[in-house]
Amino acid sequence: MGELAGSEAPWNDAPAMAEQPASFEDLFHAERDRLFRVLCVVTGSRQEAEDISQDAFARVWERWTSVSRMENPAGYLHRTAMNVFRSRYRRALLAARRTFAVGVEEDAYEAVDDRQVALQVLRSMAPRQRAAIVLTEVLGYSSEEAATMLGVRPATVRALHFQARSTLKAFKETTDV
Amino acid sequence: MSELGALLERDMGSIRAPEFGLVDVHRRSERLQRNRRVRAAAVALAIAAVSGVGLVKAFGHIQRHVPVVPPPTGTIVFTRSVGGPFTHFYTVGPDGVVRRLIPQRFDGFSISPDGSHVLYPDDDFDRTPEILPGIVDLDGSDRRLLRTSVPMFPFVWSPDGSRFAGLGFPGGESDGLYTARVSDGGGLVHVTSPPGRRNDNAIAYSPDGSKILFLRSAKDVGGANGRATKDIYVVNTDGSGVVKLDPPDTVLGPFDSGVAGTPPDPVLDRRAASWSPDGTRVAFAAALATPGQARHGEVPRGLFVVNAEGSGAHQIVPSAQILDAQWSPDGEWIAFTEANPDRPDIFIVHPDGTGLRELTSSSSGFASWGPIWSPDSSALLFVRNPGSEQFDSELWFANVDGSDLTQLTDTPAEYLSYGWSPKGS
């Protein structure tokens with residue numbers, strides 16, 4: 001399973017942005033909040049989300065000359081962010097799990113209330129499961145594209161999809177939301 | 001967009017916006033570039049060094065099945081990282097051949113009592129979306145998952161090899177220790193229920209299999225927190241009789257602490273305590289401090305022995321910067337790492353506090369830490385590092401009298417977890 005970050009290949013088949021950013025600053029201001037919130041959902045940690053967001057933006061900035069010529073710089077940003085997440089997640093498993101606790105401190109989910117059914121559904125999932133869901137449901141990637149970003153099989157992403165939707169349905173039925 | 005997607009979009013809007021700006025991104029970029037330069041310099045130095053000793057020899061060393069000095073007895077199992085996201089299980093047996101078994105993303109594992117199998121947490125995402133206990137034979141064959149009804153992060157085998165203990169994650173949230181059968185993952189028993197947002201970590205079953213020694217977060221941490229401090233407990237395997245062993249005003253960890261002289265990677269917390277072989281006592285290393293003091297400052301850390309029912313906790317050597325406590329299988333010695341004044345060294349002492357002996361000397365330029373015993377108590381295995389680089393350590397062993405200090409591995413790396421199987425003796 002190769003690392004994707006750092007690849008110079010354009011990410012042409014990613015969902016198109018509404019408007020091509022003229023500069024890195026434009027991309028940053030257009031994507032910062034959304035990317036951060038997506039990563040909050042994936043990692044469950046504001047600190048992790050901020051670290052990954054900054055890493056991803058920094059890597060895009062370093063390659064801006066070529067990224068700016070891509071059809072969809074935001075797609076490249078998402079892909080880079082998922083690569084950083086993958087690398088950090090594995091590294092964190094090695095480093096943090098050696099101290100035996102599993103999972104990061106999930107402060108991003110602390111303020112979730114009863115009405116936020118989608119976040120409640122995702123909260124019960126592992127970070128990589130959440131990543132599969134937000135890539136497909138929020139960022140609009142296909143199962144195949146999400147699978148490539150996460151280094152798993154498309155069938156795995158589709159199974160996670162099905163599982164999340166089933167959980168949502170059951171959750172709504174039992175909580176009458 | 002589907003209903004789930006629409007709900008997610010709506011819910012995500014409630015997440016408070018981030019506070020970093022462009023200037024933070026630019027600083028991050030500078031840091032990334034600096035790190036790359038350091039790595040490139042290290043690689044260049046390594047290449048130069050390799051060239052100096054000859055390319056043939058160098059290429060020989062990076063092959064998988066290269067003989068190294070064999071351990072004096074049994075087989076060593078270890079994981080190591082050279083800086084990438086992946087690691088593997090490796091073994092070195094009597095033939096001195098390093099064998100790479102299976103990819104491994106976690107570094108914790110437990111060797112079965114007969115030395116034939118390794119229990120480990122398996123999170124191969126294409127096999128299971130959750131963490132499940134995995135077992136693999138010592139030769140890398142017969143890798144299998146135990147599909148427990150509750151996802152489990154496995155820690156230790158029972159002494160008869162029939163069960164194991166681990167942290168359970170029903171619904172994705174850890175809720176204490178469970179035990180299950182090794183044969184099929186069935187027969188689940190919920191053993192501990194930590195209060196609040198704390199985590200439990202099983203260190204070992206008692207030698208008779210009736211109790212489990214475990215660590216519990218001293219304060220609410222809500223998940224992984226390498227800076228968390230812990231207390232040490234025992235519990236009967238049916239969940240009854242939870243007893244805290246460390247005295248008031250002491251705490252274990254943190255295990256990635258910046259204690260003076262400790263290596264850049266942590267001394268593993270599961271080495272912080274161990275049973276006496278007769279199961280009547282426990283040895284542990286603890287800070288004489290509150291959790292806050294232990295997390296944020298350099299505090300004295302002592303080596304304690306306590307009766308297994310919780311009475312009679314006392315230090316057996318003067319307080320220092322003691323980081324772990326490993327009772328020898330024959331009951332004669334307790335091995336530990338002492339970190340001060342500058343770099344860690346390995347010591348052994350009789351359980352009554354007599355016979356203190358320094359096994360390694362950092363005056364040689366090497367830091368040494370994290371001792372574990374050979375199954376026959378004749379030797380110790382530990383990590384040594386010639387400097388302060390994280391990925392520059394090797395595994396070494398020495399006889400209990402300090403003789404025959406020998407380098408086992410030949411790949412500078414971060415040696416994360418290691419165990420000593422009697423198999424192959």
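Numbers restart at 1 for each chain; the letters A, B, ... are given by sequence-line order, proteins then strands. These figures come from a predicted structure and were not determined experimentally.
- Taking 4.5 Å as the limit, every side-chain heavy atom of A:Arg37 sits out of range of all side-chain heavy atoms of B:Glu9.
- Contacts of B:Phe382 classified as ring pair (Phe, Tyr, Trp, His ring centres under 6.0 Å), with partners at least two apart in sequence or in another chain: none.
- The minimum heavy-atom distance between B:Gly5 and A:Glu137, with the atom names listed, is N-OE1, 3.2 Å.
- B:Leu22 contributes atom CG, which lies 4.5 Å from atom NE2 of A:His29 (distance to the nearest 0.5 angstrom).
- With sequence neighbours left out, the salt bridge (Lys or Arg N to Asp or Glu O under 4.0 Å) criterion links B:Arg28 to A:Asp51, A:Asp55.
- Neither the backbone nor the side chain of A:Val60 comes within less than 4.5 Å of any heavy atom in chain B.
- A donor-acceptor distance shorter than 3.5 angstrom exists from the side chain of B:Asp11 to the backbone of A:Ala118, with no hydrogens or angles considered.
- Once rounded to the nearest 0.5 Å, the distance linking CD1 of A:Ile133 with CG of B:Leu8 reads 8.0 Å.
- Salt bridge B:Glu19/A:Arg32: absent, no basic N to carboxylate O contact under 4.0 Å.
- When all heavy atoms of B:Gly21 and A:Phe28 are compared, the closest pair comes out as C-CZ, 3.5 Å.
- Looking at A:Phe57, both its backbone and its side chain come within 4.5 Å of chain B, counting heavy atoms on both sides.
- For A:Gln54, the parts lying near chain B are the backbone and the side chain together; criterion is any non-hydrogen pair under 4.5 Å.
- For chain A, the nearby parts of B:Arg16 are the backbone and the side chain; heavy atoms of each come within less than 4.5 Å.
- Most heavy-atom pairs under 4.5 Å with chain B, from the set A:Ala49, A:Ala155, A:Ala58: that is A:Ala58.
- Note that CG of B:Leu4 and CG of A:Leu122 are 6.5 Å apart. Values are rounded to the nearest 0.5 Å.
- Within the 4.5 Å cutoff, the side chain of A:Val41 has heavy atoms near those of the B:Ile15 side chain.
- Distance NE2/B:His26 to CZ/A:Phe24: 5.5 Å, rounded to 0.5 Å.
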